[in-house]
Amino acid sequence: MSGRFITFEGIDGAGKSTHIEALAQRLRQGGCEVVNTREPGGTDLAERLRELVLHQRMDALTEALLVFAARRDHVQTLVAPALERGATVLCDRFTDATFAYQGAGRGFDAAVLSQLEQWVHGALQPDLTLWLDLPAETAAQRRAQARAADRFESEDLAFFERVRAGYAQRCAQAPQRFVRIDSSLERGAVWAQIAAELERRGW
Ligand code: TYD
């Protein structure tokens with residue numbers, strides 16, 4: 001038995017958290033076991049690595065290695081066992097974020113990231129990736145109202161434009177898995193697109 005692995009992606013301020021919670025509720029109402037998790041994080045060890053990645057200065061290679069180290073622990077101890085017992089796993093960011101942030105954002109070599117991806121989670125890929133897409137400027141306005149910035153959120157608009165372009169590239173490379181959701185709209189209209197995609201797949 002194998003459950004579904006659904007990931008959420010997008011630049012900071014895209015509104016992932018709200019919609020992950022809404023989707024978890026909808027799936028639970030339908031009788032699914034839902035595991036709601038995030039990256040970097042999701043296990044004790046990975047949450048400790050998250051603290052470092054978000055708040056400690058480091059170079060791009062260290063950053064990439066730490067997110068993959070966190071991911072390895074997360075996949076092995078939480079994601080894979082949950083999928084094996086048939087649960088639906090909703091994950092706030094996964095490896096596409098590494099290609100978008102460390103790759104496109106920081107300019108780190110995508111070929112090296114692909115190798116790390118192979119080592120860390122080989123054949124395990126999301127069944128569906130919901131990419132909440134919106135202009136970098138709109139996201140910055142939303143963030144400014146919401147919270148204090150971490151290391152990534154303090155980056156300038158040009159950084160987030162590169163990250164957004166990184167997501168667009170990943171989307172073009174995996175069009176079956178990767179679905180673009182227009183997240184510049186109001187909350188209800190964003191949710192309607194997500195619900196329609198799940199409906200279309202009969203999930
Ligand atoms: P985020 O998921 O936006 O959480 P919150 O809503 O609590 O701010 O924050 C995680 C940050 O980590 C985000 O800025 C992107 C960054 N990140 C990477 O740079 N690479 C990765 O591989 C992952 C998973 C996240």
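Every number for a ligand or one of its atoms is a count from 1 in the order of the listing. All of these numbers come straight from a predicted model, not from anything done at the bench. Below, all heavy atoms of this structure are taken into account, side chains as well, without hydrogens, waters or symmetry copies.
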inquiry  = Using the rule salt bridge (Lys or Arg N to Asp or Glu O under 4.0 Å), only one of Arg93, Arg151, Arg142 pairs with Asp12; which is it?
reply    =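 Running salt bridge (Lys or Arg N to Asp or Glu O under 4.0 Å) over Arg93, Arg151, Arg142 with Asp12 returns exactly one hit, Arg93.
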ask   = Taking non-hydrogen atoms only, is Asp92 closer than 4.0 angstrom to ligand 1 via side chain, backbone, both or neither?
value =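 For Asp92, only side-chain atoms sit under 4.0 Å from ligand 1.
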ask   = Is Asp150 close to ligand 1, meaning an N/O of one under 3.5 Å from an N/O of the other?
value =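 No - when backbone and side-chain N and O of Asp150 are compared with those of ligand 1, no distance drops under 3.5 Å.
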Output the list of atoms in ligand 1 that are nearer than 4.0 Å to some heavy atom of [X], sorted by atom number.
{"X": "Phe152", "result": "12 (O), 14 (O), 16 (C), 19 (O)"}
{"X": "Glu39", "result": "24 (C)"}
{"X": "Val67", "result": "20 (N), 21 (C), 22 (O)"}
{"X": "Arg71", "result": "22 (O), 24 (C)"}

query = What protein heavy atom sits nearest atom 20 (N) of ligand 1, and how far off is it?
reply =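 Protein heavy atom at minimum distance: Gln102 OE1, 2.8 Å.
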query = For ligand 1, is Val53 a contact, meaning one of its heavy atoms is under 4.0 Å away?
reply =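 No heavy atom of Val53 comes that close to ligand 1.
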ask   = Does Glu63 reach ligand 1, in the sense of a heavy atom lying below 4.0 Å from it?
value =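 It does not; every heavy atom stays at 4.0 Å or beyond.
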query = Within 45° of the ring axis of Tyr167 and under 6.0 Å from its six-membered ring centre, is that where the NZ or CZ of Arg164 lies?
reply =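 So Arg164 doesn't make the cation-pi contact.
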ask   = Any chance the side chains of Arg170 and Thr129 put a donor and an acceptor closer than 3.5 Å?
value =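 No.
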For [atom], state which one of [options] supplies the nearest heavy atom.
{"atom": "atom 13 (C) of ligand 1", "options": "Asp96, Thr7, Leu54, Asp12", "result": "Asp12"}
{"atom": "atom 4 (O) of ligand 1", "options": "Arg93, Glu153, Arg50", "result": "Arg50"}
{"atom": "atom 22 (O) of ligand 1", "options": "Val163, Thr98, Leu66", "result": "Thr98"}

ask   = Taking it one step at a time, do Asp96 and Arg177 satisfy salt bridge (charged side-chain N to carboxylate O under 4.0 Å, His left out)?
value = CA-CA 11 Å; Asp96 296 304; Arg177 163 173 79 86; 2.8 Å; yes
key: Carboxylate-amine/guanidinium contact Asp133 Arg180, below 4.0 Å   =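 Judged by the 4.0 Å cut-off on N to carboxylate O distance, Asp133 and Arg180 do form a salt bridge.
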inquiry  = Under a 3.5 Å distance rule, please check whether Glu39 uses its side chain to pair with a backbone N or O of Cys91 as donor and acceptor.
reply    =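 No: the side chain of Glu39 does not pair with the backbone of Cys91.
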message = Is it the case that the side chain of Arg50 and the backbone of Pro40 share a donor-acceptor pair, with hydrogens and angles ignored and the cut-off at 3.5 Å?
response =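 Looks like yes, one N/O pair under 3.5 Å.
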key: Parallel, tilted or perpendicular: ring planes of Phe94 versus His121, cut at 30 and 60 degrees   =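 Judged by the thresholds at 30° and 60°, the geometry between Phe94 and His121 is tilted.
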